[in-house]
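Structure first, then comments.
The chains referred to below are lettered A, B, ... by the order of the sequence lines, with proteins before strands, and numbering in each begins at 1. This one's a predicted model, so the numbers in the text were calculated from it and none came from an experiment.
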Protein chains: 2
Amino acid sequence: MTVRQDVHSAGIPVLCQSCEARHRGVCGALDPDQLVALSKTSSRYTIEPGAELIGDAETVNSYSNVLSGVVKLTKGLSDGRQQIVGLQFAPDFLGRPFKVESEINAEAATAVSLCSFPKASIERMMRESPELEHRLLKQTLKELDEAREWMVTLGRKTASEKVASFLLMIARNIDPATDPATNSTSFDLPLTRADIADFLGLTIETVSRQLTRMRTEGVIRIENNRHVTVESLSRLERRSGA
Amino acid sequence: MTVRQDVHSAGIPVLCQSCEARHRGVCGALDPDQLVALSKTSSRYTIEPGAELIGDAETVNSYSNVLSGVVKLTKGLSDGRQQIVGLQFAPDFLGRPFKVESEINAEAATAVSLCSFPKASIERMMRESPELEHRLLKQTLKELDEAREWMVTLGRKTASEKVASFLLMIARNIDPATDPATNSTSFDLPLTRADIADFLGLTIETVSRQLTRMRTEGVIRIENNRHVTVESLSRLERRSGA
DNA sequence: CGAACTTTTGATCGCAGTCAAGATACGTGG
DNA sequence: CCACGTATCTTGACTGCGATCAAAAGTTCG
């Protein structure tokens, strides 16, 4: 990749120049000076699938941007039942401001790369830049909308509607260019069947049965368990309840 | 109630002086001058139970503080199934910034009184006062936490755990002084059985049966359908899954 | 006191959960 | 490259929780 040197990237840290978080993420709120200051304390990590990013009730002392991969946010009941309460894709901001403790677990669902900052850096920058806080508010509102959308799915949809809704959501996130007119997409599921079950409030077996049913009915194709081709987005949409 | 005239209330609009929203709500972010400016465009309303505040896909052109009563936020599926995705108590802020359309219905669950502002006033004030936006971010984060907590309830709890969780949540909101040690509280349910069902992703009948069971088992008492006395908060907590 | 509504209770049904094998994909070392 | 072991996923048989349908009891108005 060539490093652009036009007026817009002048003075911007090299690492940030091609970073999606600068375009669509929270870093877009910062001017070159602020980016330089922040990037001095930032570092990039790559994380293996299954690795825990934030433990339940652990002290949070850093925030991150998701650069690639999918992070799942989970909450658990004392007897081991689990529920995924959110999925974060690039270039989402990861971390819960203004709280020392998080009651949420964050875990890499796929391989994940992060750009990570000390808690203090971000919080200082937030005090200096109202625009940064504004972006954070917008992301939080987006997450709230998504959470409420899933509450409808969890509370009122049938198993097959849940699975259809899930596939639709993944299709739209993995390939944001998903044109409803195109009517066909293909992607790798970022989640195992167990994760999908924890996301939809179902069991592994029910998820598997529903996927099999959609396959035999020609709505989707599945290769190697993970790779899904949606043959008809409109049929999928019709099955999602909505 | 006597009107305080000390240094802190000097220059504050009369209506705001004893207003909860100024203490615990978003108006706490504003200085006296800003309060005066905002209060010029504000007006108070009282709304009957069942009245709709924001219609689905309607244009939103005002924001409000909830001064008393309970507002339910609902989302519906095309075939009529409904899910309550949030409850707002005083002094919550009501309205979805930065969006022209709301995909959510807001409806008075009980009698509700509101302090309401034109959309433009709030948005102008938000541009002038980062502190206001900060409060809004904090409330939004609180709502996100609550939504995620309910996702666990909806996705992974049994009917009886759901009802116990609901009673616990109401007890804590109606009477914030609910001391877990006291082990006993009493309140009026702000929701009908139908609303409770829509909140918990259950049917009316299941909600009723679970309440009956808790009553016969001595965990709660019920008078006139609406008034509930929790005999043992700790027993209720144990039944809520958590 | 009577009408309309809300809640409770009862009987039955069906969807998704549970328990149990089998099948398929994947990594590892021979 | 293949045999093996482990993970993950699928399929089958059965169960049970909560939904559905129906009716009775209680509550709140006028």
Show your reasoning for whether side-chain contact (heavy atoms from CB on, under 4.5 Å) applies to Leu167(A) and Met214(A). CA-CA 11 Å; Leu167(A) 291 176; Met214(A) 297 190 120; 4.0 Å; yes
Using whole Å, what does the distance between atom [atom2] of nucleotide [N] and atom [atom1] of [X] come to?
X	N	atom1	atom2	value
Asp198(A)	dG17(C)	CG	P	12 Å
Ile196(A)	dA16(C)	CD1	C1'	17 Å
His227(B)	dT7(C)	NE2	P	16 Å

If pairing requires Watson-Crick or G-U wobble contacts with both distances under 3.5 Å, which nucleotide is the partner of dA23(D)?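 Here dA23(D) is engaged in a pair, and the nucleotide opposite it is dT8(C).
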Does dT15(D) have a Watson-Crick or wobble mate here (both distances under 3.5 Å), and if so which one?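 Check on dT15(D): paired to dA16(C), both distances under 3.5 Å.
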Which atoms form the tightest heavy-atom contact between Thr140(B) and Thr140(A), and what is the distance? CG2-CG2, 3.5 Å
Which is it for dA25(D), anti or syn, if anything within 90° of zero counts as syn? anti
Could you tell me whether Glu237(A) and Arg172(A) make a salt bridge, using a distance below 4.0 angstrom between a side-chain N and a carboxylate O? yes
Quick one: list whatever passes salt bridge (Lys or Arg N to Asp or Glu O under 4.0 Å) with Arg193(A), sequence neighbours left out.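 Salt bridge (Lys or Arg N to Asp or Glu O under 4.0 Å) list for Arg193(A), sorted by chain: empty.
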If a protein heavy atom is under 4.0 Å from the base, mark B; if only from the sugar-phosphate, S; if neither, -; do that for nucleotides 5-20 of chain D going 5' to 3'. ----SBBBB----SSB
Please step through salt bridge (Lys or Arg N to Asp or Glu O under 4.0 Å) for the pair Lys72(B) and Asp198(B), ending with a clear verdict. CA-CA 10 Å; Lys72(B) 55 179 185 181; Asp198(B) 279 348; over 6 Å; no
Relative to each other, are the rings of Phe199(A) and Phe166(A) parallel, tilted or perpendicular (30° and 60° limits)?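 Taking Phe166(A) first and then Phe199(A), their aromatic rings stand perpendicular (interplane angle over 60°).
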